[in-house]
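The first residue in the sequence is number 1, and the count goes up from there. Computed from a prediction, not measured in an experiment: that's the story for all the values here.
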Amino acid sequence: MSEDPSVAAGRRQLRRLETFLDVAYAVLFVDFIMYLPHTEDMAWEALPYGLLSLLLDNSTDLLRLIIAVGLTLISWNLTHKLLGPLDRTNPRHTLLCLLQLIFVCMFLFFAIADPALESLSSPVGQCLSLALSGFIGIAGWSYARKNGLTRASLSEPEKDEVLRSAIIEPVTALLNTGFAFLGPGAWTAGWFVIPMVLVSTRKRVENRRQRAKVGAP
């Protein structure tokens, strides 16, 4: 029995979409390298510890750069987490994925425009961009699930788990928006503290649910 041409086209489109997104994220990572401390003038040779001194003198900006790279990597991983269970895509789902990428680019704009976080608009913009990107990605997954674009081998609990595992990233970004009003230090710490709390809370809820199932008659 021959395969439905629309299904085959959707699978090819999914492969092209994944390739395009991988290339786009690779370009974003390369952009971050441009914001490492400049070394072309060789002025670092006069510093006590050479290149190490250059990194130490710019440690705050370097930390923020590392966080930005880490958050971009998490966004890339979230994209694959939501695309991996799919069998194919369609124009509407593809549009949602591209819109998700646009907000990741907006995050990059806020991150590199004000790396010292001198303006409140930078951390708030970064948080809201990542939150919107994540929630759009989840909307794309929900649309794909509702319209039969997921792999046939996935069970309903497995589909539910995809959603539960994907929700932490955008919720972290949304909650950290409030930390931005407390200052750059609190905002920076929020990226580490909030997901730890969310993951810990999720584990406790799942453990209680499992104990309730075991104790049920």
Side-chain angles (χ1 to χ4, degrees), residues 21 24-44 46-82 99-139 165-204:
L21 292 175
Y25 276 103
V27 172
L28 293 180
F29 287 130
V30 172
D31 285 343
F32 280 124
I33 296 176
M34 298 171 57
Y35 293 90
L36 289 170
H38 296 293
T39 59
E40 290 83 358
D41 58 3
M42 301 298 289
W44 54 269
L47 298 175
Y49 303 105
L51 287 172
L52 183 59
S53 293
L54 185 64
L55 294 178
L56 292 174
D57 291 341
N58 295 274
S59 57
T60 300
D61 290 344
L62 188 61
L63 174 62
R64 301 262 162 72
L65 179 63
I66 291 173
I67 292 175
V69 171
L71 293 174
T72 306
L73 180 61
I74 289 173
S75 296
W76 174 71
N77 182 63
L78 175 62
T79 299
H80 279 273
K81 190 186 298 183
L82 295 172
L99 186 59
Q100 180 184 0
L101 178 63
I102 288 174
F103 279 100
V104 174
C105 293
M106 289 301 299
F107 158 74
L108 175 63
F109 166 76
F110 286 111
I112 66 178
D114 183 17
L117 303 181
E118 296 179 1
S119 171
L120 184 62
S121 62
S122 176
V124 170
Q126 291 181 55
C127 286
L128 293 180
S129 296
L130 289 180
L132 287 170
S133 174
F135 286 127
I136 291 172
I138 290 174
S165 64
I167 197 68
I168 292 178
E169 288 89 341
V171 170
T172 296
L174 185 62
L175 292 177
N176 206 31
T177 305
F179 281 67
F181 291 89
L182 301 179
W187 178 82
T188 301
W191 291 115
F192 300 96
V193 175
I194 294 175
M196 292 174 59
V197 173
L198 292 176
V199 170
S200 177
T201 301
R202 179 189 171 190
K203 288 182 178 179
R204 288 199 300 268

Heavy-atom closest contact (L78 atom, G134 atom, distance) = CD2-CA, 3.9 Å
Interatomic distance, M106 atom CE to L128 atom CG [nearest 0.5 angstrom] | 10.5 Å
Identify, with sequence neighbours excluded, every residue that meets side-chain contact (heavy atoms from CB on, under 4.5 Å) alongside T79.
-> L21, Y25, L83, Q100
All heavy atoms of A186 vs all of N176, minimum pair found to be O-OD1, 4.4 Å
For W76, look at atom CH2 and say whether over 12 heavy atoms of other residues, nucleotides or ligands are found less than 6.0 Å away.
-> no
Would you say K81's side chain and S165's backbone share a donor-acceptor pair under 3.5 angstrom?
-> yes
Atom pair CD1/CG of I194 and L175 - distance to nearest 0.5 Å = 5.0 Å
From L120 CG over to T177 OG1, what is the distance, rounded to the nearest 0.5 angstrom?
-> 10.0 Å
Going by heavy atoms in the side chains, are I67 and F192 under 4.5 Å from each other?
-> yes
How far apart are the C-alpha atoms of W187 and L182, what are their side-chain angles, what is the distance that settles it, and do they pass the side chain to side chain contact (heavy atoms under 4.5 Å, CB included) test?
-> CA-CA 7 Å; W187 178 82; L182 301 179; over 6 Å; no
Minimum side-chain heavy-atom gap I138-P170 below 4.5 Å | yes
For A131, the side-chain contact (heavy atoms from CB on, under 4.5 Å) test, sequence neighbours excluded, returns F135, A173, L174
Please name the pair of heavy atoms, one in L198 and one in T172, separated by the smallest distance, quoted to 0.1 Å.
-> CD1-OG1, 3.4 Å
Would you mind reporting whether F179 and T188 have side-chain heavy atoms less than 4.5 Å apart?
-> no
Residues 108-115, side-chain donor-acceptor partners within the protein, below 3.5 Å, at least two apart:
| unit_1 | atom_1 | unit_2 | atom_2 | d |
| --- | --- | --- | --- | --- |
| D114 | OD1 | L117 | N | 3.3 |
| D114 | OD1 | E118 | N | 3.0 |
| D114 | OD2 | E118 | N | 2.9 |
| D114 | OD2 | S119 | N | 2.8 |

Separation of L71 CG from Q126 CD (nearest 0.5 Å) | 7.5 Å
Approximate separation, where rounding is to 0.5 Å, of L101 CG and I136 CD1 = 10.5 Å
